[in-house]
Amino acid sequence: MSDTTTNPQRRERTFLGHPVQLATLFGVEMFERFSFYGMQAILLYYMYYEVTAGGLGYDQGVAAGVVGAYGGTVYLSTILAAWLGDRLFGPEHVLFGSAVAVMAGHIALALLPGGAGLACGLVLVALGSGGIKANASTIVAMLYGEGDDRRDAGFSIFYLGVNIGALLGQILTPVVQTRAESFHIGFGLAALGMAIGLAQYAFFRRSLPAEGKLPPNPLPASQRTRAGLIGAAVVVVLLVLTVTGVITAGRLDYIVTGVVAVATIAYFSVMLTSSRVNRVERRRVLAFLPMWVASAVFWAIFQQIFTVLTIYADERLNRSVFGLFEIPAGSVQAIEPLFVVLLAGVFAAVWTKLGPRQPASPAKMALGTIIIGVGFLLFVPLAGTGANGTPMLAVAGILLVFCIGELFTSPVGQSLSTKLAPAAFRTQMVALFFLSVSMGSVLAGVLADFYSEENEAAYFGITGAAAIVVGIVVLVLVPKLKVLMEGVR
């Protein structure tokens with residue numbers, strides 16, 4: 001932490017040149033990502049490995065679909081969390097409760113055996129992680145005033161915490177799980193990480209902005225009972241559909257895809273028609289639509305790190321390091337966040353240096369979608385290398401391309417959603433952005449069912465080319481989007 005004295009307006013105590021409260025949010029997000037990605041690094045293997053190897057013995061395609069649906073549900077739950085933050089409790093209180101839910105979910109995975117432990121743990125982690133994501137980003141935005149050029153850089157620093165946590169979780173959890181020969185001990189390490197993050201947040205949360213503790217658009221007392229009854233009815237319906245076999249592991253990814261699509265249409269419709277949204281805000285919401293599509297396509301490829309590329313690391317990748325030791329398959333996922341940790345600060349510095357001369361946010365997101373498409377095309381020349389025949393260096397290079405695309409898309413998308421948000425839907429606009437991540441995540445599970453070693457050239461080629469086309473279309477639309485954004489960059 002430092003004290004800036006060159007500018008009289010910024011003599012306050014700072015964290016890397018930003019409001020000091022950013023450190024508290026940085027910390028809770030970092031440890032939550034440590035637990036989340038550490039668990040996810042071994043989750044698919046836990047489901048499709050044989051029972052004799054400590055797994056659950058699920059079909060590989062079904063397991064990948066469940067991982068995709070789980071990832072989609074994490075971001076889908078940002079809707080509920082955003083609504084709770086905006087209408088009932090305030091973003092900060094929802095953030096704290098969500099962190100508690102995440103820790104409870106990891107404890108369930110660590111201690112409860114079989115499908116019951118898996119279901120209980122994933123539901124709690126999904127709901128809690130969605131709550132942290134929606135509300136932490138909103139509170140980060142509260143640290144910056146209107147027109148503060150540090151905002152994008154602040155989100156990049158915040159995103160650095162995400163990737164430090166992801167990196168450490170993806171390195172350590174598979175190593176611990178492999179050494180202990182126990183998936184449950186790996187899940188226990190994830191629970192410990194979340195406990196540390198929760199403790200530091202509980203200690204420093206009092207210094208966060210007071211406005212974050214109050215709902216910006218409080219629900220009238222007369223409507224709260226009805227909202228509670230609707231919530232209870234939804235829970236009962238989900239339980240009945242599960243018990244009667246309508247909701248099954250094999251159908252889960254398609255069900256979540258449909259729910260996300262309906263929720264997205266509903267959110268855009270509400271914001272575009274609400275009497276609480278003025279003309280300028282409505283045009284800004286409209287401008288966000290093509291960027292939502294670009295983001296969803298980006299994440300449909302990127303999130304395959306946890307589906308297709310997880311299987312690829314286990315079956316197609318040579319993980320030997322100079323013949324000295326072999327990297328656990330789950331730890332291969334750590335390569336991409338390692339690049340993010342190394343480059344996020346560089347991107348933040350570049351955006352800060354460029355200031356008003358930096359590319360507009362829609363252009364950044366369009367470029368990110370094109371770059372991730374190029375990354376998938378780079379898998380095409382590796383087709384046919386055989387079992388565990390793909391060189392580690394080649395995949396590391398591809399994941400570097402993924403990293404660059406991510407830094408153009410994710411922190412920029414989060415920041416842009418707060419800048420384009422109508423005043424009455426501040427947190428829920430962030431949830432709308434995360435719905436694009438939700439759609440991409442669940443599509444990563446749906447698409448995984450079409451992947452096989454025999455058709456991988458076509459699979460990577462067609463998917464990558466489709467992403468490039470979407471990115472180019474959004475890039476062409478940038479001038480019109482800048483007009484709709486009414487001065488927001």
Side-chain angles (χ1 to χ4, degrees), residues 40-71 170 174 178 183 249-250 252-254 257 297-321 323 326-336 372-402 405 440-468:
Q40 192 150 304
I42 61 176
L43 177 61
L44 183 58
Y45 302 134
Y46 175 56
M47 284 193 284
Y48 79 69
Y49 275 22
E50 297 296 329
V51 174
T52 54
L56 298 178
Y58 287 13
D59 174 79
Q60 193 176 81
V62 171
V66 170
V67 170
Y70 158 70
Q170 289 170 321
T178 302
F183 285 102
L252 197 58
D253 49 355
Y254 290 98
T257 300
V297 171
F298 171 87
W299 291 108
I301 292 181
F302 183 89
Q303 293 292 80
Q304 291 188 54
I305 288 176
F306 307 110
T307 57
V308 169
L309 299 189
T310 297
I311 298 170
Y312 195 94
D314 191 30
E315 300 177 351
R316 302 276 288 103
L317 185 62
N318 180 358
R319 303 191 308 275
S320 175
V321 179
E326 184 172 272
I327 297 175
S331 292
V332 173
Q333 298 174 10
I335 295 173
E336 196 275 340
I372 199 77
V374 170
F376 240 43
L377 290 182
L378 293 176
F379 275 105
V380 174
L382 300 174
T385 53
N388 299 109
T390 300
M392 176 74 76
L393 189 60
V395 171
I398 293 172
L399 291 176
L400 173 59
V401 176
F402 274 44
S441 298
V442 68
L443 287 177
V446 172
L447 291 171
D449 203 34
F450 297 95
Y451 166 79
S452 68
E453 182 179 350
E454 292 73 26
N455 72 352
E456 62 183 14
Y459 179 84
F460 289 124
I462 294 171
T463 309
I468 292 171

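- In this structure, Leu399 and Val395 have side chains that are in contact, with non-hydrogen atoms separated by less than 4.5 Å.
- For Arg316 (side chain) and Gly389 (main-chain N/O), no donor-acceptor pair under 3.5 Å exists by modelled atom type.
- Here the closest heavy-atom approach between residue Ala313 and residue Tyr45 is recorded as CB-OH, 4.2 Å.
- Taking both residues in full, the closest heavy atoms of Leu252 and Ala69 are given as CG-CB, 3.7 Å, listed atom of the first, atom of the second, then distance.
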Between Phe376 and Gln304, does the side chain to side chain contact (heavy atoms under 4.5 Å, CB included) criterion hold? Intermediate values first, please. CA-CA 10 Å; Phe376 240 43; Gln304 291 188 54; 3.6 Å; yes
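- Using modelled atom types, one side-chain atom of Arg319 and one backbone atom of Ile327 make a donor-acceptor pair closer than 3.5 Å.
- Every side chain to side chain contact (heavy atoms under 4.5 Å, CB included) that Leu377 has, sequence neighbours left out, goes to Ile468.
- Looking at Ser441, its side chain never comes within 3.5 Å of a backbone N or O of Ala300 through a donor-acceptor pair.
- Of the possible polar contacts, none joining the Ser331 side chain to the Pro174 backbone as a donor-acceptor pair under 3.5 Å is found.
- Scanning both residues, Gln170 and Ala334, for their nearest heavy atoms gives OE1-CA, 3.6 Å.
- Checking Tyr312 against Thr390 by side-chain atom types alone, a donor-acceptor pair falls below 3.5 Å.
- Nearest heavy atom pair, residue Ile301 against residue Ala467, reads CD1-CB, 3.5 Å.
- Using a 4.5 Å cut-off on side-chain heavy atoms (C-beta onward), Leu382 and Phe460 make no contact.
- No side-chain heavy atom of Val332 sits less than 4.5 Å from a side-chain heavy atom of Leu309.
- A 4.5 Å side-chain heavy-atom check between Trp299 and Leu443 finds every atom pair outside the cut-off.
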Would Leu43 and Tyr70 count as a side chain to side chain contact (heavy atoms under 4.5 Å, CB included) if you check the C-alpha gap in whole Å, the side-chain angles of each, and the deciding distance to 0.1 Å? CA-CA 11 Å; Leu43 177 61; Tyr70 158 70; 4.1 Å; yes
Step-by-step side chain to side chain contact (heavy atoms under 4.5 Å, CB included) determination, Val446 to Tyr254: CA-CA 7 Å; Val446 172; Tyr254 290 98; 3.9 Å; yes
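- Atom CD in Gln333 sits 10.0 Å away from atom CD1 in Ile42 (nearest 0.5 Å).
- Judged by distance alone, the side chain of Asp449 and the main-chain N or O of Gly65 form no donor-acceptor pair under 3.5 Å.
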Tyr459 and Leu447: CA distance, side-chain angles, deciding distance, side chain to side chain contact (heavy atoms under 4.5 Å, CB included) verdict: CA-CA 9 Å; Tyr459 179 84; Leu447 291 171; 3.3 Å; yes
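- Rounded to the nearest 0.5 angstrom, Asn318 CG and Met392 CE are separated by 7.5 Å.
- Taking 4.5 Å as the limit, some side-chain heavy atom of Glu336 sits within range of a side-chain heavy atom of Phe302.
- Contact between Leu317 and Pro391 at its shortest, heavy atoms only, is CD1-O, 3.8 Å.
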Enumerate donor-acceptor pairs with a distance under 3.5 Å from any side-chain N or O in residues 46-58 to protein atoms, sequence neighbours excluded.
unit_1, atom_1, unit_2, atom_2, d
Tyr48, OH, Asp314, OD2, 2.8
Tyr49, OH, Asp314, OD1, 3.4

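- Looking at every heavy atom in both residues, Phe306 comes nearest to Val67 through O-CG1, 3.6 Å.
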